[in-house]
Amino acid sequence: MSALRSVDEHLADVLAAVAPLPAEHVALSAAHGLTLRAPVRAAVDIPVFDNSAMDGFAVRFADASDAAPDAPTTLQVVADLPAGTADDPALSAGQAARIMTGSAVPTDADAIVPFEDTAGGLADSLGTIAVLRAPRGPGAHIRRAGEDARAGAEVLPAGDVLGPLQVAAAATAGAADVVVSRRPRVAVISTGSELVEPGKALRRGQIPESNSLLLAALATECGAEVVRRASVPDESDELEALLAAVTDAASPTRADVVVFSGGVSAGAYEVVKTTLARAMTFSKVAMQPGKPQGFGRLPSGALLFGLPGNPVSAAVSFEVFVRPALLALQGRRVIERPVLVLPAGAAWRTPPGRCQYLPVRLDRSTAGAWRVLPATSGGSHLAGGLGRAEAYAVVPAEVDAVAEGDLVDVMLIS
């Protein structure tokens with residue numbers, strides 16, 4: 001336990017223990033937030049058919065190619081095509097069809113004249129029309145079938161999360177259901193005899209319990225299902241009983257991942273260390289905050305994470321180790337947060353020999369010249385300041401200090 005492990009070493013051990021969860025078919029309407037385990041392929045061409053990109057008139061380009069404001073071309077309107085109609089009217093020389101955006105273009109038409117390029121516009125759109133401006137060429141304002149994707153083409157790759165835009169793309173491709181990962185089931189257990197539910201009266205030595213709420217919310221944001229959230233004191237048999245309940249194969253609250261906060265350091269009342277000494281390895285990782293870490297795997301396959309008890313330490317540790325594991329369990333294609341390189345808007349101290357994860361906010365006061373400013377003074381217990389953080393500045397262990405203007409890696413978290 002005396003030697004410090006690097007962040008990469010500890011994360012490698014975590015990810016080596018991760019096996020993707022089973023995949024399942026679900027209706028697209030129920031798939032938001034889930035991770036694709038098989039690509040979505042287009043069942044139809046996108047667009048399905050040639051359709052109008054404008055409200056106006058479907059014409060034969062040759063009939064309207066000479067139109068000009070001082071020499072309009074008169075065409076006879078022989079059909080009206082609202083969106084959704086199956087009509088395909090024949091167009092002879094000098095004829096046009098009124099057409100709405102999204103309507104199938106008649107087979108005989110090869111251009112669209114928008115209402116605004118005619119003398120009467122919508123108000124004078126049946127009978128005859130006077131075209132004031134010629135279409136720019138054959139195909140003008142026509143969306144061609146399959147120009148976005150052809151039937152059979154991959155629309156979304158495996159490993160993508162189905163956000164609102166991805167769900168819409170899958171629907172456009174004609175997908176009724178998708179193959180996705182099951183959500184990881186997570187139990188969150190805070191430890192500490194000093195912890196009480198937020199809002200309850202505090203006696204001397206007690207503090208509101210926040211870590212379980214923090215970690216449960218972070219797990220949910222990763223696509224997990226939180227099956228149990230609890231807090232246990234340092235000196236009791238509750239932790240062992242609770243762990244048995246959430247890892248029982250027959251239990252409706254059985255967890256794939258158990259995240260503990262507190263009880264992993266070097267104090268006299270480290271209940272996670274005491275209870276799980278055989279199931280977990282406890283290490284010191286060269287990072288600040290978050291040096292004490294615990295990790296293990298039960299014979300059932302459940303992953304066990306022991307995080308420090310200070311709120312900022314717990315948040316950072318989850319971000320660096322637990323989040324990647326939860327995403328890997330789901331088969332997510334990208335498990336890293338996006339990172340920007342931005343100048344520091346203030347100087348701050350860094351810990352000797354340890355990678356620093358400093359909660360920061362983004363200073364957007366100068367357009368095109370964002371800077372990062374510390375959201376807290378750096379203490380791992382300062383959860384109030386954590387609420388202002390939009391990112392973590394990640395400073396390598398070999399950097400002695402950050403000066404104003406220095407470029408730093410910024411891991412975005414919101």
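Starting from 1, each residue takes its place in the sequence as its number.
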*Asks:* So do Leu303 and Asp256 actually touch side chain to side chain, heavy atoms under 4.5 Å?
*Replies:*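 No, too far: nothing below the 4.5 Å cut-off.
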*Asks:* In plain terms, say whether Arg182 and Glu225 are close enough for a salt bridge, that is, a side-chain N and a carboxylate O under 4.0 Å apart.
*Replies:*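 Salt bridge flag = no for Glu225 with Arg182.
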*Asks:* Are Glu398 and Arg354 within salt-bridge range, i.e. N to O under 4.0 Å?
*Replies:*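 No, this pair does not count.
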*Asks:* Does the pair Asp160/Arg333 count as a salt bridge with the N-to-O cut at 4.0 Å?
*Replies:*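 Result for this pair is yes, salt bridge flagged.
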*Asks:* Is there a donor-acceptor contact under 3.5 Å from the side chain of Arg297 to the main chain of Ala17?
*Replies:*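 Yes: the side chain of Arg297 pairs with the backbone of Ala17.
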*Asks:* Is there a side-chain contact between Leu132 and Asp117 in this structure, where contact means two heavy atoms from C-beta onward sitting under 4.5 Å apart?
*Replies:*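 SC-SC contact between Leu132 and Asp117 ruled out.
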*Asks:* Tell me, please, which residues at least two apart from Gln166 pass side-chain hydrogen bond (donor to acceptor under 3.5 Å, both in side chains).
*Replies:*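 Scan of Gln166 (side-chain hydrogen bond (donor to acceptor under 3.5 Å, both in side chains), adjacent residues dropped) gives none.
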*Asks:* Name all pairs fulfilling the side-chain hydrogen bond (donor to acceptor under 3.5 Å, both in side chains) condition that reach into residues 36-55, sequence neighbours left out, sorted by first residue then second.
*Replies:*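 Every side-chain hydrogen bond (donor to acceptor under 3.5 Å, both in side chains) pair that includes a residue of residues 36-55, provided the two are not neighbours, is Arg37-Ser181, Asp45-Arg150, Asp50-Arg144, Asn51-Arg143, Asp55-Thr101.
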*Asks:* Ignoring hydrogens and angles, state whether a donor on the side chain of Asp363 or Ser365 is under 3.5 Å from an acceptor on the partner side chain.
*Replies:*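 The answer is yes; a qualifying pair exists.
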*Asks:* If we ignore hydrogens and angles and just use 3.5 Å, is the side chain of Thr128 paired with the main-chain N or O of Thr74 as donor and acceptor?
*Replies:*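 The answer is no, because no donor-acceptor pair under 3.5 Å joins these two groups.
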*Asks:* Got a sec, which residues hit side-chain contact (heavy atoms from CB on, under 4.5 Å) with Asp177, two or more places apart in sequence or on another chain?
*Replies:*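 Result, side-chain contact (heavy atoms from CB on, under 4.5 Å) vs Asp177: His25.
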*Asks:* Are the side chains of Phe49 and Ser103 in touch, meaning some heavy atoms are under 4.5 Å apart?
*Replies:*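 No. Closest side-chain heavy atoms not under 4.5 Å.
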*Asks:* May I ask you to decide if Gln288's main-chain N or O and Gln356's side chain share a donor-acceptor pair within less than 3.5 Å?
*Replies:*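 Not at all, since once roles are kept as given, no pair shorter than 3.5 Å links the two residues.
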*Asks:* Regarding Thr253 and Arg228, do their side chains bring together a donor and an acceptor under 3.5 Å, going by distance alone?
*Replies:*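 Absent: no donor and acceptor within the cut-off.
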*Asks:* Describe, in one word, how the ring planes of Phe295 and Phe305 are oriented to each other, choosing from parallel (under 30°), tilted (30 to 60°) and perpendicular (over 60°).
*Replies:*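 Plane angle between 30° and 60°, so tilted.
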